[in-house]
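This report refers to the structure that appears directly beneath it.
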Amino acid sequence: MTLLYFAVLALSFLAFFWICDIGFRRSIETTVNNASQTNLDTIRRLLEKPENKGQEKVRQELEELSNLWANGALLEVADVQGNWTFRSPQFALAQPPIPNLEGAERVFFTTNLDLSQYRIAMQRIQVGTEMFEVHAAVPTEPFDQALDHFRLIEKECLPLLVLLASLLGYWLSGRSLASVNRIIKTAELIGVQNLSRRLEVPRAKDELRRLTLTLNAMLDRIETSFKRITQFTADASHDLRTPVAVIRTSAELALRRERSEVEYRDALNKILTTSVETSELLENLLSLARADAGALGIELHPLELGEHVRKVQERAVILSADKALDIRLDTPPTPVWVKADAIALDRLLLILVDNAIKYTPSGGHCEIALSQGKGNAQITVSDSGIGIAKEDVQHIFDRFYRADRARSRNRRGAGLGLAIARWITDIHGGNIAVESAPGAGSIFTVSLPVQES
Ligand code: ADP
């Protein structure tokens, strides 16, 4: 950046000095031309004076005038025949080649007279019937010296200016990069151990501030995900430890001494039941891990919801057989089409129905209803069960959350069912909601966008 800055500066200064040089030369030219013009005008006034009559008188006056010019200006005047009325000695000596006026009123040119350079103005002046050709020369040396002096200053100042400006640029870029360095240093310190640390936000409202704010927001998201994963791992290990301990203790106890066949059967039954629950838990954990990794293995196809709801109701009847629950079904006469993954959809409905059965005491009832609204299909699973307290409602869709652990303790489950249910509705572009009060039962409503035919 500094190199580029250096190059741009050098070029800009060069261009600037070049323009100044041109301007200076132009203004010198104008000044010299004006000086010559003034001299021509003085000569014209002299020639036009009525008392200046006769060649000798004119010559004397011109000589006097020439002596009066202190700045080294020269002059020569000739009549129409080319006879010199007056000639400054330098003009006479140098005999410069004089260009032809060719009808032009006035001509300027530069030439050497007596080793020095002069700017010469030529003009024809008519006085009465007489015509004079007048040449007035002004030395350009003082102007050339001024130009040389200016160029010398240019040569000395240009590298110095470029160097100074580059050093300033280097210092400024260093200053502006200092905050980037601070961000880098803090970012290097952030790791798993101190994920809550954030980058220092610069005060200036610039891109760096936006960058740090964006990075901090990204760190917030990473920290939340990381906490979720850590919590998930901790909860999963905790929930897996209990059934594994039950299986192990049951087996150890059974093997400690000789037992009757009934006792062995009991132990094996306990081991089997716990293993089935553990497989279910593992299956759920795996589903959520897959959900976190993206909706892998989910394919949405058009399907008719009524058919699925009926199938789930039939399974609910079997599942609730030992509780004598009344499992009702309410489906519309017309088919309701949605785009869904059949396996995932069945799983979602089973989770809701399974919960309704689990949390409804014997003799209660449960209803699975399907309806179609504007652009949405609605499946409601309601029960007359124990209900959910207000403070728990907002958490029941969280992983591992079980409302009122004391009540849930003797009911199987690890608090993953509703988290999976919500994930499934999400990937179908739908949503899930609950209405419940303790003792008044619960109503779970799943809305899915209908398939437009
Ligand atoms: P669990 O495996 O504990 O059933 P879920 O994620 O399916 O896990 O449900 C989370 C919690 O929500 C349950 O522990 C329970 O307290 C509450 N819950 C879910 N469904 C019902 C319901 N139909 N009636 C009462 N409480 C329910």
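Order of appearance sets the numbers: ligands from 1, and atoms from 1 within every ligand.
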If you measure every N/O of [X] against every N/O of ligand 1, is any gap under 3.5 Å?
X	result
G417	yes
F444	no
I388	no
I386	no

Does one side chain, of [X] or [Y], offer a donor that lies under 3.5 Å from an acceptor on the other?
X	Y	answer
H301	D341	no
Q231	R399	no
S287	R347	yes

Ligand-residue contact atoms, ligand 1 with [X], heavy atoms, under 4.0 Å:
X	answer
G415	1 (P), 2 (O), 3 (O), 6 (O), 8 (O)
K358	1 (P), 2 (O), 4 (O)
Y401	10 (C), 11 (C)
A414	2 (O)
S442	22 (C), 24 (N), 25 (C)
L416	6 (O), 8 (O)

Handout entry: Basic-acidic side-chain contact under 4.0 Å: E307, K311
Key =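 No, no charged N to carboxylate O under 4.0 Å.
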Problem - Salt-bridge criterion met for R248 and E252 (N-O under 4.0 Å) - result: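 Looking at E252 together with R248, the answer is yes, because their closest N to O distance falls below 4.0 Å.
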Practice task
Could you tell me whether a side-chain N or O of N216 sits under 3.5 Å from a main-chain N or O of L199, the two making a donor and an acceptor?
Solution key: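 Yes: the side chain of N216 pairs with the backbone of L199.
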Problem - Contact summary for R257 and Y264, nearest pair of heavy atoms - result: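 So the two residues come closest at O-OH, 3.9 Å.
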